[in-house]
Amino acid sequence: MIAENLRKIKSKLKPEITLVAVSKTKPNEDILEAYNIGHRDFGENKIQDMTDKYEALPKDIRWHMIGHVQRNKVKYMAKYVHLIHAVDSLKLLKEINKRAKNEDRQIQCLLQLKIAEEDSKFGLDKRDLLDILKSDALKSFEHVKIVGLMGMATFTDDEQQIHREFSQLENLYFDLKDQYHFTTLSMGMSGDYELALEHRTNMVRIGSKIFGKRDYDNW
Ligand SMILES: *Cc1c(COP(=O)(O)O)cnc(C)c1O
């Protein structure tokens, strides 16, 4: 079932679009089912769970941290995380830089733009995002690399609203892309990735459409 779902979604994506299979709450067997048909990009939203899975599973998996990151947990993923999607402060970048330096590597990050019109706790407004990009502090963080932007639209049936929200992120991304050498626009989930494709996303994060509904009871 998982393999079938994955193939179906991939058939709708141009080859240059990265599909991050969001495996949060799902067991290792489910991840292996996707892995065994060649899938390598997986997303988790809790550092502890991701680290347990990293340790148990093949080492050529690219692990994406898609959730809100607590600074005191960065150290657990610093040696292996492939991309951190939801960076929202210089303080966090400073910590990522420090931990990446300890591991003698550079960690790729995306800045999260707050696009949801509804109250949402996470993400930067445009001005704060630009302040981070322009800051001298960022230039001194040699072990982090901002490779693009990420955003989450409101969970709603109102497609016009989702279009508006994705447009904001699309516009900002393409305004900044050349100047900052961006490569990655992470936008679109199970319910809205087809709309995100219309807004030139090149990385979608899809969970339930691949692995089925999540059961949070024992999580
Ligand atoms: C859970 C999650 C997803 C995937 O959600 P689905 O609706 O199951 O596709 C994508 N992005 C983030 C940030 C998430 O937390």
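All ligand and atom numbering here is 1-based and tracks the order in the structure. All values below were derived from every heavy atom in this structure, side-chain atoms included, with hydrogens, water molecules and symmetry-related copies excluded.
The side chain of R214, and not its backbone, has at least one atom closer than 4.0 Å to an atom of ligand 1 (non-hydrogen atoms only; side chain from C-beta on). Of all the heavy atoms of M152, the ones lying under 4.0 Å from any atom of ligand 1 belong exclusively to the side chain.
The nearest protein atom to atom 12 (C) of ligand 1, hydrogens excluded, is given as I66 CD1, 3.5 Å; this is a heavy-atom distance. What sits closest to atom 5 (O) of ligand 1 on the protein, heavy atoms only, is M189 CE, 3.5 Å.
Those atoms of ligand 1 that come under 4.0 Å of a heavy atom in S190, given as number and element, are 6 (P), 7 (O), 8 (O), 9 (O). Short contacts between ligand 1 and I206, defined as distances under 4.0 Å to a heavy atom of the residue, involve ligand atoms 9 (O). Those atoms of ligand 1 that come under 4.0 Å of a heavy atom in R205, given as number and element, are 4 (C), 9 (O), 10 (C), 11 (N), 12 (C), 13 (C).
Close N/O approach between K209 and ligand 1 is not found [any backbone or side-chain N/O within under 3.5 Å]. When only interatomic distances are considered, the shortest N/O to N/O separation between K24 and ligand 1 falls below 3.5 Å. On a distance-only criterion, G207 and ligand 1 share at least one N/O pair closer than 3.5 Å.
Results of the side-chain contact (heavy atoms from CB on, under 4.5 Å) test with F42 over V20, L57, I66, I31 single out I31 as the only residue that passes.
Separating the CG atom in D128 from the OG atom in S135 is a distance of 11.5 Å, to the nearest 0.5 Å.
Taking the ring axis of Y180 as reference, the NZ or CZ atom of K134 does not stay both within 45° of it and closer than 6.0 Å to the ring centre.
In this structure, Q108 contributes its side chain and I84 its backbone to no donor-acceptor pair below 3.5 Å. For H39 (side chain) and L19 (main-chain N/O), a donor-acceptor pair under 3.5 Å exists by modelled atom type.
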Working for side-chain contact (heavy atoms from CB on, under 4.5 Å), residues Q161 and F166: CA-CA 9 Å; Q161 182 178 348; F166 282 162; over 6 Å; no

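Side-chain contact between L129 and L176 is present, with heavy atoms from C-beta onward closer than 4.5 Å.
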